[in-house]
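Naming convention: chains lettered A, B, ... in sequence-line order (proteins, then strands); numbering from 1 in each chain. Computed from a predicted structure; not experimentally measured.
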Protein chains: 2
Amino acid sequence: MKDVVKIFKALGDENRLKILHIIGSQEVCACKLLEFLEIGQPTLSHHMKILCDSGIVSSRKDGKWTHYKINKDTIKHTADYMQVTLFGNTAAQSCCNGC
Amino acid sequence: MKDVVKIFKALGDENRLKILHIIGSQEVCACKLLEFLEIGQPTLSHHMKILCDSGIVSSRKDGKWTHYKINKDTIKHTADYMQVTLFGNTAAQSCCNGC
DNA sequence: CTTATACATCGAAATTTGTCAATATAAAAT
DNA sequence: ATTTTATATTGACAAATTTCGATGTATAAG
């Protein structure tokens, strides 16, 4: 359960949610993220560490740059946890409206 | 977006996740929750306030007792936010495996 | 080789959060 | 009426979190 707590903690910050929105389904480097956020570079680095440590984001070094992308498995598992583990819904109840 | 941040913040605490697990799909009073947690009564009251303020839990007073239950709509919306809003998946992509 | 760029780490300050003891409130039991 | 029970609120404190400036570390460019 501590893993899940860590994930929700990571998601519970406005700047980090903004970061995830910017990344979206792409792969984005830190310098690009900095352009869209009103925080300093060390602060961004700190947030990226939290997002990576929780498993929400994964990083790839490419020369000078570090590229980040969202780890969709983690997101999927966490969303499933919310609907299934936490509230006893079956997968059928929690999705597939009308299937 | 601040509403979502508030929800994730509320979920990002081990005791509050335990509380949600205990409540499950039932309606539970505070005194029952206290039996299962290793925290004092004021602390529980504090946590319940956070869960209620975020919309995850709703409360009903019944004489001396306060009964809590999980607000499934909030959970559903948040899980949808994770899969759809945050990552641009369609509902079809994010669920309904094999439908 | 020197400089510039992209990012990480360190140390410190300010804010937020989790917890408890003490107290308050309100309903039920005696 | 008084006491007990269930819960909320207040005030205080320690711990965690967010942020920044300064500095470190690679890599690329000149």
*Asks:* State, to the nearest 10°, the angle formed by the axis through the first five base pairs of the helix from C:dC1-D:dG30 to C:dT30-D:dA1 and the axis through its last five.
*Replies:*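 Between the axes fitted at each end of the helix from C:dC1-D:dG30 to C:dT30-D:dA1 lies an angle of 10°.
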*Asks:* Name the residue closer to the 5' end of DNA chain D, choosing between B:C31 and A:K9 according to the nucleotide with the nearest heavy atom.
*Replies:*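 Final value for this comparison: B:C31.
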*Asks:* Below 30° counts as parallel, above 60° as perpendicular, anything between as tilted: where do the rings of A:Y81 and B:H21 land?
*Replies:*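 The rings of A:Y81 and B:H21 stand perpendicular, inter-plane angle above 60°.
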*Asks:* The criterion is salt bridge (Lys or Arg N to Asp or Glu O under 4.0 Å); which residues satisfy it with A:E35, sequence neighbours excluded?
*Replies:*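 Residues passing salt bridge (Lys or Arg N to Asp or Glu O under 4.0 Å) with A:E35: A:K32.
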*Asks:* Reading nucleotides 24-30 of chain D 5' to 3', which nucleotides get B (base under 4.0 Å from a protein heavy atom), which S (sugar-phosphate only), which -?
*Replies:* ---BS--
*Asks:* As a test of understanding, state which of A:L51, A:V28, A:I75 forms a side-chain contact (heavy atoms from CB on, under 4.5 Å) with A:I70.
*Replies:*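 Going through A:L51, A:V28, A:I75 one by one, the side-chain contact (heavy atoms from CB on, under 4.5 Å) with A:I70 is satisfied by A:I75 alone.
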*Asks:* Going 5' to 3' along DNA chain C, which nucleotides are the first and last within contact of chain A (any atom under 4.0 Å from a heavy atom)?
*Replies:*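 From 5' to 3', the first and last contacting nucleotides are C:dT5 to C:dT9.
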*Asks:* Under a 4.0 Å heavy-atom cut-off, which of residues 32-54 of chain B touch DNA chain D?
*Replies:*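 The stretch gives B:Q41, B:P42, B:S45 as the residues lying under 4.0 Å from the strand, ordered by number.
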*Asks:* Can a donor-acceptor pair be found, under 3.5 Å and without considering hydrogens, that links the side chain of A:R60 to the backbone of A:K69?
*Replies:*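 Checked: no pair found.
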*Asks:* Who pairs with B:K64 by salt bridge (Lys or Arg N to Asp or Glu O under 4.0 Å), at least two apart in sequence or on another chain?
*Replies:*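 Residues passing salt bridge (Lys or Arg N to Asp or Glu O under 4.0 Å) with B:K64: none at all.
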*Asks:* Mind listing the closest non-hydrogen atom pair of B:L44 and B:I19 along with its distance?
*Replies:*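 Looking at all heavy atoms of both residues, the shortest contact is CD1-CD1, 3.7 Å.
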*Asks:* What is the minimum heavy-atom distance between A:T74 and A:T78, and which atoms define it?
*Replies:*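 Shortest heavy-atom separation between A:T74 and A:T78 comes out as O-OG1, 2.7 Å.
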